[in-house]
Amino acid sequence: MERVMMKGNEALAEGAIRAGCRYFFGYPITPQNEIPEYMARRLPEVGGVFLQAESEVSAINMVYGAGGAGGRVLTSSSSPGISLKQEGISYIAGAQVPCVIVNVARGGPGLGGLNPSQSDYFQATKGGGHGDYRLLVYAPGNAQEMVDLIGLAFDKAEEYRNPVMILSDAIMGQMMEPVALPAMRTETTEKPWATTGKQGRSKPNIINSLGLVGEDLERINIELQAKYARLAAAEVRYETDGTGEADLIVVAYGTSSRVVRSAINRLRQEGKKVGLFRPITLWPFPKEALASLAAEGKRFLVVEMSAGQLVEDVILAVNDRAKVSFFGKLNGTVPTVREVYDRILSSLPEGGEG
Amino acid sequence: MERVMMKGNEALAEGAIRAGCRYFFGYPITPQNEIPEYMARRLPEVGGVFLQAESEVSAINMVYGAGGAGGRVLTSSSSPGISLKQEGISYIAGAQVPCVIVNVARGGPGLGGLNPSQSDYFQATKGGGHGDYRLLVYAPGNAQEMVDLIGLAFDKAEEYRNPVMILSDAIMGQMMEPVALPAMRTETTEKPWATTGKQGRSKPNIINSLGLVGEDLERINIELQAKYARLAAAEVRYETDGTGEADLIVVAYGTSSRVVRSAINRLRQEGKKVGLFRPITLWPFPKEALASLAAEGKRFLVVEMSAGQLVEDVILAVNDRAKVSFFGKLNGTVPTVREVYDRILSSLPEGGEG
Amino acid sequence: MTHEMVCAGFGGQGVMLIGQLLAYGGMLEGKEVTWFPSYGPEMRGGTANCSVVISDQPVGSPIVAEPDGLIAMNGPSLMRFKGVVKPGGVIVYNASLIEELPEQPAGVRLFAVATNELAQEIGNDKVGNMVALGAFLGLSKVVGLASVEAALEKVLPERRHHLIPLNISALRRGWALTEG
Amino acid sequence: MTHEMVCAGFGGQGVMLIGQLLAYGGMLEGKEVTWFPSYGPEMRGGTANCSVVISDQPVGSPIVAEPDGLIAMNGPSLMRFKGVVKPGGVIVYNASLIEELPEQPAGVRLFAVATNELAQEIGNDKVGNMVALGAFLGLSKVVGLASVEAALEKVLPERRHHLIPLNISALRRGWALTEG
Amino acid sequence: MARITIDQERCKGCELCITVCPKKILGLAEEINNQGYHFVETKGTGCIGCAFCALICPDVVIEVYK
Amino acid sequence: MARITIDQERCKGCELCITVCPKKILGLAEEINNQGYHFVETKGTGCIGCAFCALICPDVVIEVYK
Amino acid sequence: MKKVFAYPRALTKKRTHYCPGCTHGIIHRLVAEAIDDLGIQERTIGIAPVGCAVLAYEYFDVDFQEAAHGRAPAVATGIKRVHPESIVFSYQGDGDLASIGMAEIIHAATRGEKITVIFVNNTVYGMTGGQMAPTTLPGQKTTTSPYGRDTATVGYPIRVCELLSTLDGPSYLARVSVHDPAHIKKAGQAIRQAFAMQVAGKGFSLVEVLSSCPTNWGMTPTQALTQVKEKLIPYYPLGVFRMTEEVAGDDA
Amino acid sequence: MKKVFAYPRALTKKRTHYCPGCTHGIIHRLVAEAIDDLGIQERTIGIAPVGCAVLAYEYFDVDFQEAAHGRAPAVATGIKRVHPESIVFSYQGDGDLASIGMAEIIHAATRGEKITVIFVNNTVYGMTGGQMAPTTLPGQKTTTSPYGRDTATVGYPIRVCELLSTLDGPSYLARVSVHDPAHIKKAGQAIRQAFAMQVAGKGFSLVEVLSSCPTNWGMTPTQALTQVKEKLIPYYPLGVFRMTEEVAGDDA
Ligand SMILES: Cc1ncc(C[n+]2csc(CCOP(=O)(O)OP(=O)(O)O)c2C)c(N)n1
Ligand SMILES: Cc1ncc(C[n+]2csc(CCOP(=O)(O)OP(=O)(O)O)c2C)c(N)n1
Ligand code: SF4
Ligand code: SF4
Ligand code: SF4
Ligand code: SF4
Ligand code: SF4
Ligand code: SF4
Ligand SMILES: [Mg+2]
Ligand SMILES: [Mg+2]
């Protein structure tokens with residue numbers, strides 16, 4: 001397939017359109033503006049709707065409306081904007097409305113800065129909003145995955161009637177890489193539950209997340225939890241690179257996994273046995289895969305651009321069957337290949353030199 | 001000291017006033033309306049300001065302003081409203097502005113219901129907003145603690161220049177219990193950093209959370225992390241009840257800890273060796289205390305009104321040195337004493353019958 | 001000793017108030033107490049009940065699932081709760097609204113009070129709840145009548161303090177029923 | 001083989017564009033490539049640079065900390081990056097703005113290009129960046145000149161395609177310098 | 001001649017219809033319905049079918065024939 | 001007679017002052033300042049101290065004496 | 001005899017949870033009658049607010065979506081953009097629309113979003129127990145203005161129709177009241193007109209209905225309607241604030 | 001010779017990060033002059049927006065707080081309620097104030113919050129690279145209206161002064177322009193008047209300043225000012241929209 005160079009953000013936007021997305025509601029914020037700007041140009045060309053909302057709060061509620069009405073709908077923002085969307089995300093999850101939400105994360109807390117960051121991991125995976133809900137969270141590792149995972153995200157959102165998040169960051173979004181774009185497809189999923197007007201149906205369709213009676217709400221939550229269990233069983237994705245022979249496995253996703261890959265390549269050339277474990281779904285977390293690597297006696301090093309969030313899930317997964325160490329870079333800075341290289345070297349078990 | 005019967009919400013409000021709180025900004029939402037309504041009556045009597053904001057988003061930003069200006073300021077809300085405050089909370093944490101935020105949690109996700117819930121635990125402890133920040137989170141277990149912890153919350157907020165959250169729930173807020181109210185005290189903390197107008201100072205005071213240069217933001221975050229480490233070392237609180245002799249320790253906070261206490265009392269009468277471990281600070285989490293109990297070979301049962309959130313922190317604390325089981329009630333329902341009693345009984349080690 | 005009670009009825013019948021009086025009375029006697037309200041699924045009108053726990057030790061759950069005392073001011077409330085009252089417990093029910101004699105739960109004392117009629121006798125049909133509470137106190141002796149009477153001053157808002165004597169009469173009228 | 005390069009200069013000098021051309025040229029030759037932009041702390045104006053990686057295997061970090069190729073279009077950029085260029089690497093710098101001969105980093109080839117003057121020779125002083133890129137290609141042979149020329153069509157927006165011949169002349173002019 | 005029908009189970013006894021009836025022929029019943037409300041009934045004759053009662057009834061209890 | 005002073009390091013060469021000077025005595029210098037901008041200088045005489053240049057300068061580069 | 005006043009088809013037979021005498025019920029019926037009249041039941045989608053009308057979806061026999069508090073116009077926008085041929089309306093209280101949802105309503109209005117908004121102004125937060133609303137009258141006591149709304153410290157009520165009438169997007173804006181049968185009829189016509197505008201493809205339409213809240217005003221239903229007439233109308237004058245062009249809108 | 005035009009005391013000497021010819025700089029100076037004039041530097045607290053003026057706190061020599069995007073009026077309210085004797089002003093762009101912050105500005109205005117708002121309307125989102133704003137003119141091309149603002153699908157610009165003038169809370173509302181020296185002088189007077197209102201203890205005051213964004217408009221600074229004069233002013237008429245009572249406000 002022909003490859004073209006695209007910025008990650010634009011690759012994602014084009015990928016969404018080719019996956020049948022026809023509605024975009026968002027609000028400008030750096031470093032994701034390429035997405036709405038691309039959509040503003042492209043969606044009218046394919047008969048879709050681009051609308052700049054008055055705020056992130058409004059955008060996520062437009063998404064809730066459009067998704068509830070059966071549209072393939074996307075929104076994107078960056079960290080502070082995603083925080084503003086938390087109430088809406090909780091509603092969407094509670095009402096089981098499919099949609100895709102992109103977070104091109106930047107440094108926080110507060111206004112923070114425009115540099116990449118991975119400190120929104122907890123927010124994405126444990127739920128920044130209220131209540132027991134889960135998003136399916138994909139973390140692309142290159143521009144091609146931006147295209148591929150956004151397509152998958154729409155399919156899974158509709159299959160499970162659940163919001164899906166793409167957790168990207170400033171580097172993944174701004175970087176250009178070659179991508180092969182899939183052919184345009186148009187949405188076909190049946191949505192008998194959507195608000196379309198009754199159109200002769202005997203019962204109205206209602207989209208809501210209300211359970212005023214305790215037992216009603218419990219029933220809704222039991223249903224949600226059952227769905228999450230199905231998701232957790234079927235949708236885990238990850239990539240391993242040389243974990244089989246490795247003495248030390250580095251766990252990282254997104255931008256930091258790329259830095260890790262460079263460091264590992266260098267170390268391998270030097271004969272070190274180091275592997276990479278890259279979660280592609282952050283939720284459901286690839287718990288079992290890590291647990292079985294732990295059972296084989298591997299050590300783990302978690303590298304992330306945060307004060308330590310992913311590391312908790314790794315510890316929960318390996319649960320003391322293995323040593324887990326952590327290398328985090330605080331918001332605003334990206335670890336260099338040399339830093340990671342040095343850190344891996346010092347984490348290698350004694351005598352681990354192939 | 002004379003005791004009076006008060007609803008938890010009102011006890012908290014009066015406690016805040018006696019701790020010198022003079023500013024309240026909030027927006028109505030059930031089941032916490034007793035707090036703003038009490039404040040609307042009482043604050044004018046003590047020369048304070050009650051202002052109903054136009055929304056939760058606005059309320060938290062008023063809090064940010066008032067706290068930045070040096071006022072002792074409170075806001076309260078319930079789950080969906082707390083979700084809306086996430087951006088503001090991240091700003092407040094990033095700018096190191098002291099304030100107290102109350103979440104009288106209700107069932108979610110989405111609109112949910114008005115019944116109590118503990119499913120906002122992750123949001124409170126791991127940060128529902130963006131970036132690596134932490135709140136000091138207190139979970140009161142009775143009306144007296146509503147009074148005592150709110151006072152402590154203001155002191156700690158100012159000592160550490162950090163937002164403090166009180167995580168309560170619909171039952172803790174609506175229940176009446178006797179409380180002994182402390183004497184009125186007035187704020188005295190010096191706040192040389194506050195925006196007061198320069199008043200002859202040579203340098204303006206600036207309250208912000210911006211670090212456009214990556215390294216600036218990293219420095220801010222290093223400072224924050226150092227503060228969190230101090231907090232974690234000094235501010236852990238918990239209550240134990242019979243954990244010394246216990247074979248099984250039940251971990252629970254807030255409303256569910258009360259149900260657990262009733263069940264345990266019953267079991268003890270029947271000669272069972274069961275203890276209660278009640279975290280009072282949810283962050284910093286009483287990790288070490290649990291770890292050392294685990295080292296003594298105890299088993300743990302976590303009881304919470306959620307699909308399983310506290311349980312992750314318990315597992316991270318005991319880290320496979322002990323067996324941890326979990327009993328959760330989904331949003332909208334409170335476990336009964338009998339349910340918890342039965343569940344404890346079935347979790348007791350064989351022959352654990354003292 | 002721990003006493004667990006439920007007061008239940010229609011909104012407007014004053015069941016929340018008598019629960020609070022019970023709890024407050026207990027507190028005045030130096031006990032640990034809790035009061036907890038619960039409203040039906042309908043937001044407006046409908047039924048309401050409250051749980052009261054009175055104990056010599058710190059109270060655990062404020063929600064009473066298996067009471068040893070029940071004041072039921074209407075039929076639906078009696079139906080809902082009578083089955084969970086513990087053996088040895090006491091039920092006071094409002095005979096003015098519940099005409100059929102309810103089936104007797106095993107080991108539970110069932111006591112009928114014609115609250116409306118008795119309240120009207122006293123001169124104000126709003127104090128039927130007090131008559132029922134008085135009867136319950138007489139039967140259960142959970143809290144002394146004097147403590148509950150003292151609690152009235154704390155629980156009623158200032159502007160209704162002129163009604164305290166009336167309420168006291170109603171309480172005593174109810175109590176008297178149980179002495180017979 | 002993995003080539004890592006940095007193109008740096010003032011905003012407006014077209015350093016982002018030559019980085020993209022390098023990367024695109026690499027892709028057209030079937031390589032794995034990345035291009036990553038980085039702006040100075042000032043939001044408006046100021047300096048800018050981009051990292052380009054060209055490799056036969058999937059690219060890891062797109063941020064180049066230790067390049068083996070540098071195109072520095074102004075003094076501050078040369079100062080900032082020349083110390084991190086790896087031994088064996090190549091630096092092309094803009095002699096029109098950098099008058100003093102910079103200190104020679106050990107094992108690195110330093111090549112001066114008077115971009116302004118050469119661009120003016122070609123007839124448009126905006127194509128100094130292309131002259132520099134041409135020289136860099138000539139020295140490093142990271143990507144073939146033809147591939148970069150082909151990339152122009154992909155990278156330049158349609159409305160600037162009439163400038164392609166001019167850009168090609170500039171590229172060739174730069175390349176020619178290195179053949180001498 | 002006109003008449004109205006009253007769906008008494010829906011009535012909440014708010015008395016709005018009673019207030020607006022120009023003929024003053026509506027009133028609350030002694031009995032209560034299953035919702036616990038004294039419901040409205042026709043207490044007199046002479047309905048003119050003006051539908052004021054139906055227009056103001058928040059619970060759409062009344063239908064009017066003429 | 002009037003005159004102006006120009007804090008040339010602050011000037012960004014936006015030319016707004018040049019446009020509004022009624023006496024047309026301002027112009028950009030050949031040289032650039034440390035910010036990289038061609039800065040403004042007085043190219044002629046006859047300043048009337050109207051302060052138009054100072055009023056419009058976004059960077060508060062100009063002070064006026066009269 | 002002919003039925004001259006009948007139960008509307010677009011209402012379900014479910015009993016409402018509203019307090020006795022609450023005018024939310026009247027307004028529901030007027031909306032249902034407009035839907036019946038215009039023959040649009042099968043293509044209408046409603047948005048329920050968070051407020052006393054939170055369960056509106058149980059009372060209308062049309063598709064519905066429950067919005068987050070204040071966000072109904074955004075939800076309506078999302079729906080309308082997916083189904084431009086459908087008729088989308090939101091039903092919102094004064095806390096919902098004029099307080100937390102102020103940005104959403106202004107922007108939907110200025111966008112000329114082709115939706116209809118039924119705005120129920122009862123000067124309080126009914127559902128949460130009678131707190132102060134942006135429309136609470138000066139001096140009015142509520143649970144969060146226990147000493148009466150003091151304009152010196154908490155400011156002045158907002159007149160929503162007047163506010164929106166400064167925007168170019170709306171095609172129809174009117175304020176009506178439901179305190180007596182004559183006004184109820186007019187209110188019905190205004191609501192019908194608002195829907196007709198949407199049927200005709202015109203921009204944003206909104207009807208503000210002055211409504212009562214006997215429960216939180218501490219009045220009988222009848223007293224509450226007198227209050228609407230005597231206190232609310234003088235502060236919130238009735239009338240049409242925008243009418244781009246009258247449309248019949250019949251497509252039944 | 002006397003200095004007839006001097007660098008204001010309330011500005012720091014820090015060079016701004018604004019693009020050459022950006023009128024944010026002029027507006028900063030006018031605010032600083034008003035502060036100097038009224039002698040209130042030591043008791044003034046500013047609120048910086050998220051927008052190109054995000055670093056305003058580096059340029060004013062007064063206490064400052066950085067607000068979240070759009071929330072400056074709420075932050076200002078919090079500060080003013082704690083220090084009623086201080087002079088609190090927010091400085092906000094059109095994206096900040098009229099889009100995401102619409103609810104906050106309307107409610108601060110209707111509350112009559114005793115703050116001063118400097119509202120810089122440059123019809124785009126400057127900081128984020130020129131996206132459409134609520135004030136973008138019909139037909140104007142921006143990065144998110146690449147085919148020109150189409151009022152049929154995204155609606156009409158908002159005139160903020162007209163909108164706020166329907167509220168009872170404001171004491172002073174004016175729209176000014178800074179496209180030439182004469183207008184700059186008038187703008188300075190308006191800004192001074194707005195602060196004077198606050199000094200005199202009156203309610204909410206706001207000055208909307210029509211401003212340019214040469215960078216995102218793709219124009220030279222001079223062309224951009226011509227654009228303000230020829231395109232913006234006709235759509236956004238200059239004038240005073242509310243003036244409760246003129247105050248001198250000198251307390252220097
Ligand atoms: C985000 C959020 N904030 C607050 C609430 C609580 N709440 C529910 S309804 C309501 C106000 C209702 O008032 P109004 O909109 O006037 O409707 P009414 O009940 O008077 O018809 C509020 C504040 C909520 N559910 N969600
Ligand atoms: C919650 C949030 N949303 C979006 C942004 C991104 N953002 C920064 S400035 C800005 C708009 C600036 O435009 P305007 O207010 O008109 O100011 P100008 O730059 O034009 O002066 C936006 C959308 C943000 N920082 N935070
Ligand atoms: S239709 Fe008219 S006259 Fe007949 S009952 Fe109703 S209000 Fe009275
Ligand atoms: S108006 Fe309706 S609900 Fe009210 S009393 Fe009359 S019939 Fe009953
Ligand atoms: S003061 Fe007037 S005349 Fe003098 S330089 Fe400035 S604009 Fe020109
Ligand atoms: S207006 Fe100011 S910045 Fe612009 S050219 Fe003149 S002096 Fe320089
Ligand atoms: S509380 Fe008020 S608005 Fe709500 S249903 Fe009751 S009367 Fe109507
Ligand atoms: S982008 Fe526009 S508003 Fe921002 S500094 Fe540049 S010219 Fe000014
Ligand atoms: Mg209301
Ligand atoms: Mg702007």
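Note on naming: letters A, B, ... go to the chains in the order of the sequence lines (proteins, then strands), and numbering restarts at 1 for each one. Values below: every heavy atom of this structure, side chains too, minus hydrogens, waters and symmetry copies.
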In terms of heavy-atom pairs under 4.5 Å with chain A, which of B:G128, B:G308, B:G88 leads?
B:G128
Most contact-rich option vs chain B, by heavy-atom pairs under 4.5 angstrom, among A:L224, A:L111, A:I220, A:V334, is A:L111
Leading residue by heavy atom contact count with chain A [cutoff under 4.5 Å; candidates B:G112, B:G108, B:G113]:
B:G112
Would the distance check show the side chain of A:D132 and the main-chain N or O of B:A307 forming a donor-acceptor pair, the cut-off being under 3.5 Å?
yes
At a heavy-atom distance under 4.5 Å, which candidate from B:Q118, B:E56, B:K126 has the highest pair count against chain A?
B:K126
Count the heavy-atom pairs under 4.5 Å between each of B:G127, B:A93, B:S90 and chain A, then report the option with the highest count.
B:S90
Correct closest heavy-atom pair for B:S83 and A:G129 would be OG-CA, 3.4 Å
Measure B:E312 against the heavy atoms of chain A and call it side chain, backbone, both or neither at under 4.5 Å.
both
Given a strict heavy-atom distance threshold of 4.5 Å, which part of B:S306 is in contact with chain A: side chain, backbone, both, or neither?
both
Could you tell me whether the side chain of A:K329 reaches within less than 4.5 Å of the side chain of B:E218, counting heavy atoms only?
yes
Please tell me if the side chains of A:K85 and B:Q86 come closer than 4.5 Å, counting only heavy atoms from C-beta onward.
no
Counting only N and O atoms by type, is there a donor-acceptor contact under 3.5 Å from the side chain of A:D120 to the main-chain atoms of B:G131?
yes
